[in-house]
There are 2 protein chains.
Amino acid sequence: MTEEKILFYKKLGLKLTPQRLAILEFLEGNTSHPSAEDIYRALKKNFPSISFATVYNTLELLVRKGFIKELNIESSRKRFDPLTHPHHHFFCKRCRKIVDVNQKIDIPIPEELKDYDVEEFQVVFYGLCPDCKS
Amino acid sequence: MTEEKILFYKKLGLKLTPQRLAILEFLEGNTSHPSAEDIYRALKKNFPSISFATVYNTLELLVRKGFIKELNIESSRKRFDPLTHPHHHFFCKRCRKIVDVNQKIDIPIPEELKDYDVEEFQVVFYGLCPDCKS
DNA sequence: CTAATTGCAAAAATTTTGCAGGACT
DNA sequence: AGTCCTGCAAAATTTTTGCAATTAG
(Lines give C-alpha, C1' and ligand atoms only; values in the text may rest on other atoms or scores of the structure.)
Protein backbone atom coordinates (compact mmCIF):
# COMPACT_ATOMS: atom_id res chain seq x y z
CA MET A 1 0.00 0.00 0.00
CA THR A 2 1.29 3.51 -0.81
CA GLU A 3 2.40 5.97 1.87
CA GLU A 4 -0.26 8.29 0.58
CA LYS A 5 -2.96 5.72 1.19
CA ILE A 6 -1.65 5.01 4.66
CA LEU A 7 -1.78 8.71 5.49
CA PHE A 8 -5.29 8.85 4.08
CA TYR A 9 -6.47 6.18 6.49
CA LYS A 10 -4.62 7.68 9.43
CA LYS A 11 -6.16 11.07 8.81
CA LEU A 12 -9.55 9.48 9.08
CA GLY A 13 -8.72 8.28 12.55
CA LEU A 14 -7.80 4.69 11.77
CA LYS A 15 -5.07 3.23 13.96
CA LEU A 16 -3.05 1.26 11.47
CA THR A 17 -1.74 -1.91 13.04
CA PRO A 18 0.09 -4.46 10.87
CA GLN A 19 -2.99 -6.67 11.02
CA ARG A 20 -5.23 -3.92 9.74
CA LEU A 21 -2.81 -3.06 6.98
CA ALA A 22 -2.73 -6.70 5.93
CA ILE A 23 -6.52 -6.86 5.80
CA LEU A 24 -6.75 -3.60 3.85
CA GLU A 25 -4.11 -4.77 1.40
CA PHE A 26 -5.83 -8.09 0.92
CA LEU A 27 -9.12 -6.39 0.17
CA GLU A 28 -7.76 -3.64 -2.07
CA GLY A 29 -8.68 -4.48 -5.64
CA ASN A 30 -10.06 -7.86 -4.56
CA THR A 31 -13.20 -8.65 -6.54
CA SER A 32 -13.94 -12.06 -5.02
CA HIS A 33 -16.16 -10.70 -2.23
CA PRO A 34 -14.48 -12.82 0.43
CA SER A 35 -16.09 -13.98 3.64
CA ALA A 36 -14.46 -13.37 7.03
CA GLU A 37 -13.09 -16.88 6.93
CA ASP A 38 -11.66 -16.42 3.44
CA ILE A 39 -9.83 -13.37 4.72
CA TYR A 40 -8.64 -15.11 7.87
CA ARG A 41 -7.30 -18.07 5.92
CA ALA A 42 -5.57 -15.91 3.33
CA LEU A 43 -3.85 -13.77 5.96
CA LYS A 44 -2.87 -16.71 8.14
CA LYS A 45 -0.25 -17.70 5.54
CA ASN A 46 1.84 -14.55 5.86
CA PHE A 47 0.63 -13.61 9.32
CA PRO A 48 0.35 -16.78 11.38
CA SER A 49 -0.57 -15.06 14.61
CA ILE A 50 -3.67 -13.30 13.31
CA SER A 51 -6.92 -14.22 15.04
CA PHE A 52 -10.56 -14.38 14.05
CA ALA A 53 -11.35 -11.74 16.64
CA THR A 54 -9.05 -9.28 14.90
CA VAL A 55 -10.45 -10.08 11.48
CA TYR A 56 -14.02 -9.58 12.68
CA ASN A 57 -13.16 -6.48 14.69
CA THR A 58 -11.36 -4.93 11.76
CA LEU A 59 -14.07 -5.75 9.25
CA GLU A 60 -16.69 -4.25 11.52
CA LEU A 61 -14.57 -1.13 11.94
CA LEU A 62 -13.98 -0.77 8.20
CA VAL A 63 -17.70 -1.15 7.52
CA ARG A 64 -18.52 1.43 10.19
CA LYS A 65 -16.00 3.88 8.76
CA GLY A 66 -17.35 3.29 5.26
CA PHE A 67 -14.16 1.82 3.77
CA ILE A 68 -15.80 -1.44 2.77
CA LYS A 69 -19.32 -2.80 2.42
CA GLU A 70 -20.93 -5.83 3.94
CA LEU A 71 -22.97 -7.95 1.52
CA ASN A 72 -25.86 -10.10 2.66
CA ILE A 73 -26.33 -12.16 -0.45
CA GLU A 74 -25.06 -15.60 0.39
CA SER A 75 -27.27 -17.37 2.85
CA SER A 76 -26.11 -17.06 6.45
CA ARG A 77 -22.66 -15.74 5.64
CA LYS A 78 -21.44 -12.20 5.29
CA ARG A 79 -19.26 -11.33 2.33
CA PHE A 80 -17.19 -8.16 2.06
CA ASP A 81 -16.69 -5.74 -0.80
CA PRO A 82 -13.94 -3.11 -1.01
CA LEU A 83 -16.00 -1.17 -3.54
CA THR A 84 -18.16 1.29 -1.68
CA HIS A 85 -19.66 3.28 -4.51
CA PRO A 86 -23.22 2.29 -5.45
CA HIS A 87 -23.14 -0.84 -7.58
CA HIS A 88 -24.88 -4.16 -7.94
CA HIS A 89 -24.14 -7.88 -8.01
CA PHE A 90 -24.67 -11.17 -9.71
CA PHE A 91 -24.81 -14.31 -7.55
CA CYS A 92 -24.19 -17.71 -9.10
CA LYS A 93 -26.49 -20.15 -7.39
CA ARG A 94 -24.22 -23.06 -8.23
CA CYS A 95 -20.69 -21.93 -7.33
CA ARG A 96 -21.76 -19.05 -5.04
CA LYS A 97 -19.52 -16.60 -6.86
CA ILE A 98 -20.46 -12.94 -6.49
CA VAL A 99 -19.67 -10.69 -9.44
CA ASP A 100 -19.78 -6.89 -9.51
CA VAL A 101 -22.25 -5.23 -11.83
CA ASN A 102 -21.02 -1.71 -12.41
CA GLN A 103 -23.52 -0.61 -14.99
CA LYS A 104 -25.67 2.20 -13.66
CA ILE A 105 -29.21 1.12 -12.97
CA ASP A 106 -32.01 3.66 -12.70
CA ILE A 107 -35.08 2.75 -10.72
CA PRO A 108 -37.73 5.23 -9.67
CA ILE A 109 -38.49 4.93 -5.95
CA PRO A 110 -41.74 2.93 -5.86
CA GLU A 111 -44.90 4.81 -4.98
CA GLU A 112 -45.56 2.46 -2.05
CA LEU A 113 -42.33 3.64 -0.38
CA LYS A 114 -43.24 7.32 -0.48
CA ASP A 115 -43.44 7.55 3.33
CA TYR A 116 -40.11 5.77 3.71
CA ASP A 117 -36.68 7.27 3.89
CA VAL A 118 -34.97 5.35 1.08
CA GLU A 119 -31.20 5.88 1.12
CA GLU A 120 -30.07 3.42 -1.49
CA PHE A 121 -30.97 0.25 -3.31
CA GLN A 122 -29.07 -2.78 -4.44
CA VAL A 123 -29.96 -5.16 -7.21
CA VAL A 124 -28.92 -8.79 -7.08
CA PHE A 125 -29.15 -10.84 -10.26
CA TYR A 126 -29.44 -14.60 -9.72
CA GLY A 127 -28.58 -17.40 -12.09
CA LEU A 128 -25.59 -19.30 -13.44
CA CYS A 129 -22.21 -17.85 -14.32
CA PRO A 130 -20.51 -18.76 -17.62
CA ASP A 131 -18.44 -21.48 -15.93
CA CYS A 132 -21.45 -23.14 -14.34
CA LYS A 133 -24.04 -22.89 -17.06
CA SER A 134 -22.48 -25.61 -19.20
CA MET B 1 -56.76 -23.44 5.59
CA THR B 2 -59.42 -24.49 3.07
CA GLU B 3 -59.92 -28.08 1.98
CA GLU B 4 -59.18 -26.92 -1.52
CA LYS B 5 -55.80 -25.59 -0.49
CA ILE B 6 -54.97 -28.78 1.35
CA LEU B 7 -55.79 -30.80 -1.75
CA PHE B 8 -53.65 -28.43 -3.80
CA TYR B 9 -50.63 -29.14 -1.63
CA LYS B 10 -51.26 -32.86 -1.52
CA LYS B 11 -51.50 -33.07 -5.28
CA LEU B 12 -48.07 -31.57 -5.48
CA GLY B 13 -46.68 -34.41 -3.43
CA LEU B 14 -46.53 -32.72 -0.05
CA LYS B 15 -47.19 -34.96 2.90
CA LEU B 16 -49.32 -32.76 5.11
CA THR B 17 -48.56 -33.41 8.73
CA PRO B 18 -50.15 -31.24 11.42
CA GLN B 19 -46.80 -29.50 11.90
CA ARG B 20 -46.53 -28.65 8.24
CA LEU B 21 -50.11 -27.44 8.16
CA ALA B 22 -49.40 -25.21 11.15
CA ILE B 23 -46.34 -23.75 9.46
CA LEU B 24 -48.21 -23.22 6.18
CA GLU B 25 -51.08 -21.57 8.00
CA PHE B 26 -48.77 -19.33 9.94
CA LEU B 27 -47.04 -18.20 6.78
CA GLU B 28 -50.16 -17.76 4.65
CA GLY B 29 -50.79 -14.07 4.26
CA ASN B 30 -48.00 -13.26 6.72
CA THR B 31 -46.13 -10.20 5.50
CA SER B 32 -43.63 -9.96 8.38
CA HIS B 33 -40.98 -12.13 6.68
CA PRO B 34 -40.36 -14.19 9.80
CA SER B 35 -37.13 -15.97 10.64
CA ALA B 36 -37.06 -19.67 11.51
CA GLU B 37 -37.00 -18.73 15.17
CA ASP B 38 -39.98 -16.39 14.79
CA ILE B 39 -41.91 -19.27 13.28
CA TYR B 40 -40.77 -21.72 15.94
CA ARG B 41 -41.76 -19.38 18.75
CA ALA B 42 -45.14 -18.56 17.25
CA LEU B 43 -46.04 -22.21 16.72
CA LYS B 44 -44.76 -23.32 20.10
CA LYS B 45 -47.76 -21.61 21.72
CA ASN B 46 -50.40 -23.77 20.07
CA PHE B 47 -48.13 -26.69 19.33
CA PRO B 48 -45.82 -27.15 22.31
CA SER B 49 -44.16 -30.28 21.01
CA ILE B 50 -42.87 -28.78 17.78
CA SER B 51 -39.11 -28.83 17.32
CA PHE B 52 -36.57 -26.69 15.53
CA ALA B 53 -35.62 -29.63 13.37
CA THR B 54 -39.15 -29.84 12.04
CA VAL B 55 -39.36 -26.12 11.42
CA TYR B 56 -36.08 -26.12 9.53
CA ASN B 57 -36.90 -29.32 7.64
CA THR B 58 -40.28 -27.98 6.61
CA LEU B 59 -38.98 -24.59 5.56
CA GLU B 60 -36.29 -26.22 3.46
CA LEU B 61 -38.91 -28.47 1.84
CA LEU B 62 -41.28 -25.59 1.13
CA VAL B 63 -38.45 -23.59 -0.44
CA ARG B 64 -37.40 -26.57 -2.55
CA LYS B 65 -40.98 -27.12 -3.73
CA GLY B 66 -41.33 -23.44 -4.50
CA PHE B 67 -44.12 -22.67 -2.02
CA ILE B 68 -42.12 -20.05 -0.17
CA LYS B 69 -38.95 -18.04 -0.75
CA GLU B 70 -35.87 -17.65 1.38
CA LEU B 71 -34.64 -14.08 1.78
CA ASN B 72 -31.02 -13.25 2.46
CA ILE B 73 -31.40 -9.64 3.41
CA GLU B 74 -30.84 -9.49 7.12
CA SER B 75 -27.27 -10.20 8.07
CA SER B 76 -26.62 -13.84 8.90
CA ARG B 77 -30.24 -14.79 9.34
CA LYS B 78 -32.64 -16.25 6.84
CA ARG B 79 -36.10 -14.77 6.59
CA PHE B 80 -39.01 -16.44 4.81
CA ASP B 81 -41.59 -15.06 2.42
CA PRO B 82 -44.83 -16.79 1.44
CA LEU B 83 -45.05 -14.65 -1.68
CA THR B 84 -43.27 -16.44 -4.49
CA HIS B 85 -44.09 -14.24 -7.43
CA PRO B 86 -41.31 -11.84 -8.45
CA HIS B 87 -41.29 -8.86 -6.13
CA HIS B 88 -38.89 -6.72 -4.16
CA HIS B 89 -38.25 -5.50 -0.63
CA PHE B 90 -37.48 -2.61 1.63
CA PHE B 91 -35.25 -3.23 4.65
CA CYS B 92 -35.32 -0.84 7.58
CA LYS B 93 -31.79 -0.60 8.90
CA ARG B 94 -33.01 0.45 12.34
CA CYS B 95 -35.85 -1.96 13.21
CA ARG B 96 -34.89 -4.63 10.65
CA LYS B 97 -38.41 -4.76 9.27
CA ILE B 98 -38.74 -6.15 5.75
CA VAL B 99 -41.57 -4.73 3.64
CA ASP B 100 -42.83 -6.07 0.33
CA VAL B 101 -42.50 -3.86 -2.72
CA ASN B 102 -44.98 -5.11 -5.26
CA GLN B 103 -44.58 -2.45 -7.89
CA LYS B 104 -43.20 -3.92 -11.08
CA ILE B 105 -39.62 -2.90 -11.72
CA ASP B 106 -38.11 -3.14 -15.17
CA ILE B 107 -34.37 -3.43 -15.50
CA PRO B 108 -32.57 -4.38 -18.70
CA ILE B 109 -30.07 -7.18 -18.09
CA PRO B 110 -26.71 -5.37 -17.91
CA GLU B 111 -24.38 -5.75 -20.87
CA GLU B 112 -21.65 -7.13 -18.63
CA LEU B 113 -23.85 -10.14 -17.79
CA LYS B 114 -24.44 -11.13 -21.41
CA ASP B 115 -22.53 -14.41 -20.98
CA TYR B 116 -24.42 -15.21 -17.79
CA ASP B 117 -27.63 -17.13 -17.43
CA VAL B 118 -29.69 -14.60 -15.47
CA GLU B 119 -32.90 -16.12 -14.15
CA GLU B 120 -34.22 -13.34 -11.97
CA PHE B 121 -33.28 -10.29 -10.00
CA GLN B 122 -34.31 -8.81 -6.70
CA VAL B 123 -34.09 -5.23 -5.60
CA VAL B 124 -33.62 -4.31 -1.95
CA PHE B 125 -34.23 -0.74 -0.89
CA TYR B 126 -32.43 0.33 2.29
CA GLY B 127 -33.29 3.13 4.66
CA LEU B 128 -35.69 3.99 7.47
CA CYS B 129 -39.33 3.03 7.69
CA PRO B 130 -41.97 5.63 8.66
CA ASP B 131 -41.90 4.49 12.31
CA CYS B 132 -38.12 4.78 12.59
CA LYS B 133 -37.40 7.92 10.62
CA SER B 134 -38.72 10.26 13.31
C1' DC C 1 2.04 7.28 28.55
C1' DT C 2 -2.58 6.11 27.59
C1' DA C 3 -6.10 4.40 25.19
C1' DA C 4 -6.96 1.21 21.76
C1' DT C 5 -5.92 -3.29 19.74
C1' DT C 6 -4.54 -8.13 19.69
C1' DG C 7 -5.04 -13.06 20.47
C1' DC C 8 -6.97 -16.62 23.03
C1' DA C 9 -10.65 -19.17 24.43
C1' DA C 10 -15.17 -19.46 25.67
C1' DA C 11 -19.87 -18.29 24.41
C1' DA C 12 -23.66 -17.00 21.53
C1' DA C 13 -26.61 -17.40 17.57
C1' DT C 14 -28.22 -19.84 13.74
C1' DT C 15 -28.58 -23.97 11.14
C1' DT C 16 -27.73 -28.96 10.25
C1' DT C 17 -27.60 -33.79 11.31
C1' DG C 18 -28.18 -38.81 13.28
C1' DC C 19 -31.24 -41.60 15.01
C1' DA C 20 -35.07 -44.01 17.41
C1' DG C 21 -39.86 -43.89 17.64
C1' DG C 22 -44.17 -42.56 15.48
C1' DA C 23 -47.42 -41.02 11.79
C1' DC C 24 -49.22 -40.72 7.02
C1' DT C 25 -50.86 -42.73 2.71
C1' DA D 1 -46.58 -52.12 5.53
C1' DG D 2 -43.32 -49.19 4.22
C1' DT D 3 -41.61 -44.89 3.76
C1' DC D 4 -41.35 -40.55 5.36
C1' DC D 5 -41.62 -37.33 9.35
C1' DT D 6 -40.93 -35.83 14.16
C1' DG D 7 -38.45 -34.57 18.21
C1' DC D 8 -34.40 -34.74 20.84
C1' DA D 9 -29.85 -33.79 21.47
C1' DA D 10 -25.50 -33.21 19.74
C1' DA D 11 -22.72 -30.99 16.28
C1' DA D 12 -21.44 -27.69 12.81
C1' DT D 13 -20.95 -23.01 11.21
C1' DT D 14 -20.56 -18.25 11.68
C1' DT D 15 -20.05 -14.38 14.68
C1' DT D 16 -19.44 -12.10 19.23
C1' DT D 17 -17.40 -11.28 23.68
C1' DG D 18 -14.27 -10.92 28.10
C1' DC D 19 -9.95 -10.27 29.38
C1' DA D 20 -4.91 -9.95 30.08
C1' DA D 21 -0.91 -8.64 27.50
C1' DT D 22 0.84 -5.71 23.89
C1' DT D 23 1.25 -1.80 20.76
C1' DA D 24 0.35 2.55 18.06
C1' DG D 25 0.41 7.31 18.21
Side-chain angles (χ1 to χ4, degrees), chain A residues 1 3 6-24 26 33-65 67-68 70-80 96 98, chain B residues 1 3 6-24 26 33-65 67-68 70-80 96 98:
Chain A
M1 176 146 12
E3 277 301 321
I6 293 180
L7 275 175
F8 165 78
Y9 285 121
K10 285 195 183 170
K11 263 190 191 137
L12 287 161
L14 206 58
K15 218 181 225 186
L16 280 184
T17 64
Q19 292 87 338
R20 288 180 177 178
L21 268 177
I23 293 174
L24 280 167
F26 177 73
H33 308 85
S35 66
E37 202 197 341
D38 295 334
I39 296 167
Y40 172 76
R41 276 214 301 264
L43 296 192
K44 199 79 182 167
K45 288 182 194 135
N46 296 314
F47 211 132
S49 77
I50 205 163
S51 72
F52 258 108
T54 299
V55 172
Y56 276 105
N57 283 341
T58 300
L59 290 172
E60 198 249 319
L61 174 78
L62 296 178
V63 169
R64 187 153 34 79
K65 294 266 185 186
F67 296 132
I68 64 174
E70 178 186 304
L71 302 181
N72 297 303
I73 294 178
E74 185 177 4
S75 159
S76 298
R77 195 171 198 220
K78 289 178 187 166
R79 308 261 301 240
F80 296 90
R96 323 206 120 208
I98 294 178
Chain B
M1 176 145 11
E3 277 301 319
I6 293 180
L7 275 176
F8 164 77
Y9 285 122
K10 284 196 182 169
K11 263 190 193 140
L12 287 161
L14 204 60
K15 219 178 222 186
L16 281 183
T17 64
Q19 291 88 338
R20 290 180 176 178
L21 267 177
I23 293 174
L24 279 168
F26 177 73
H33 308 85
S35 67
E37 202 196 341
D38 295 333
I39 296 168
Y40 172 77
R41 276 214 301 265
L43 295 193
K44 199 79 182 165
K45 288 179 196 136
N46 296 314
F47 212 132
S49 77
I50 205 163
S51 71
F52 259 108
T54 299
V55 172
Y56 276 105
N57 284 340
T58 301
L59 289 172
E60 198 249 320
L61 173 78
L62 295 177
V63 169
R64 186 153 33 81
K65 294 265 184 186
F67 295 132
I68 64 176
E70 178 186 303
L71 302 181
N72 298 303
I73 294 177
E74 185 176 6
S75 161
S76 298
R77 194 172 199 221
K78 290 178 187 166
R79 307 259 302 240
F80 296 89
R96 322 205 121 209
I98 294 178

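What you see is a predicted model; the values in this text were computed from it and never measured. Proteins get letters first, then strands, A, B, ... in listed order; numbering begins at 1 in each.
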**OP:** Under 4.0 Å between any heavy atoms, over every strand shown, what does A/Gln19 touch: base, sugar-phosphate, or nothing? Just pick one.
**Re:** sugar-phosphate
**OP:** Using a heavy-atom cut-off of under 4.0 Å over every strand shown, decide if B/Glu37 touches base, sugar-phosphate, or nothing.
**Re:** sugar-phosphate
For [X] against [Y], the heavy-atom pair lying closest together:
{"X": "A/Val55", "Y": "A/Ala36", "answer": "CG1-O, 3.8 Å"}
{"X": "B/Glu74", "Y": "A/Asn72", "answer": "C-CG, 4.4 Å"}
{"X": "A/Ile50", "Y": "A/Lys44", "answer": "O-NZ, 3.2 Å"}

Do [X] and [Y] come close enough that some side-chain heavy atom pair is under 4.5 Å?
{"X": "A/Leu71", "Y": "A/Lys78", "result": "no"}
{"X": "A/Asn57", "Y": "A/Leu61", "result": "no"}
{"X": "A/Phe80", "Y": "A/Glu70", "result": "yes"}
{"X": "B/Ile23", "Y": "B/Leu62", "result": "yes"}

**OP:** Could you list all the salt bridge (Lys or Arg N to Asp or Glu O under 4.0 Å) pairs where at least one residue sits in residues 54-63 of chain B, not counting sequence neighbours?
**Re:** B/Glu60-B/Arg64
Original post:
Which nucleotide span of DNA chain C, 5' end to 3' end, has atoms closer than 4.0 Å to non-hydrogen atoms of chain B?
Top reply: C/dT14 to C/dT25
Would you tabulate the pairs of protein nitrogen or oxygen atoms and nucleotide nitrogen or oxygen atoms of nucleotides 23-25 of chain D closer than 3.5 angstrom?
from   : atom 1 : to      : atom 2 : distance (Å)
D/dG25 : OP1    : A/Leu16 : N      : 3.2

Original post:
Could you give the angle between the helix axes at the two ends of the helix from C/dC1-D/dG25 to C/dT25-D/dA1, with five pairs per end, rounded to 10 degrees?
Top reply: 50°
Which atom pairs, one a donor and one an acceptor, fall under 3.5 Å between side chains of residues 13-21 of chain B and the rest of the protein, sequence neighbours left out?
from    : atom 1 : to      : atom 2 : distance (Å)
B/Thr17 : OG1    : B/Arg20 : N      : 3.2
B/Arg20 : NH1    : B/Lys15 : O      : 2.9

**OP:** Anything under 30° is parallel, anything over 60° is perpendicular, the rest tilted; go ahead and classify B/Tyr40 against B/Phe52.
**Re:** parallel
Value rounded to 0.5 Å, distance of [atom1] in [X] from [atom2] in [Y]:
{"X": "B/Leu43", "Y": "B/Thr54", "atom1": "CG", "atom2": "OG1", "value": "10.5 Å"}
{"X": "B/Asp38", "Y": "B/Arg79", "atom1": "CG", "atom2": "CZ", "value": "6.5 Å"}
{"X": "B/Arg96", "Y": "B/Arg77", "atom1": "CZ", "atom2": "CZ", "value": "8.0 Å"}

Can you check the [X] [atom1] to [N] [atom2] distance for me, whole Å?
{"X": "B/Glu74", "N": "D/dT14", "atom1": "CD", "atom2": "P", "result": "18 Å"}
{"X": "A/Asn72", "N": "D/dT14", "atom1": "CG", "atom2": "P", "result": "14 Å"}
{"X": "B/Glu60", "N": "D/dC5", "atom1": "CD", "atom2": "C1'", "result": "13 Å"}
{"X": "A/Arg20", "N": "D/dT22", "atom1": "CZ", "atom2": "P", "result": "19 Å"}
{"X": "A/Asp38", "N": "D/dT15", "atom1": "CG", "atom2": "C1'", "result": "15 Å"}

Subject >> Residue-level proximity of residues 46-54 of chain A to DNA chain D when a heavy atom falls under 4.0 Å >> reply: A/Ala53
Subject >> Phosphate OP1/OP2 of D/dT15: any A/Tyr56 side-chain N/O under 4.0 Å >> reply: yes
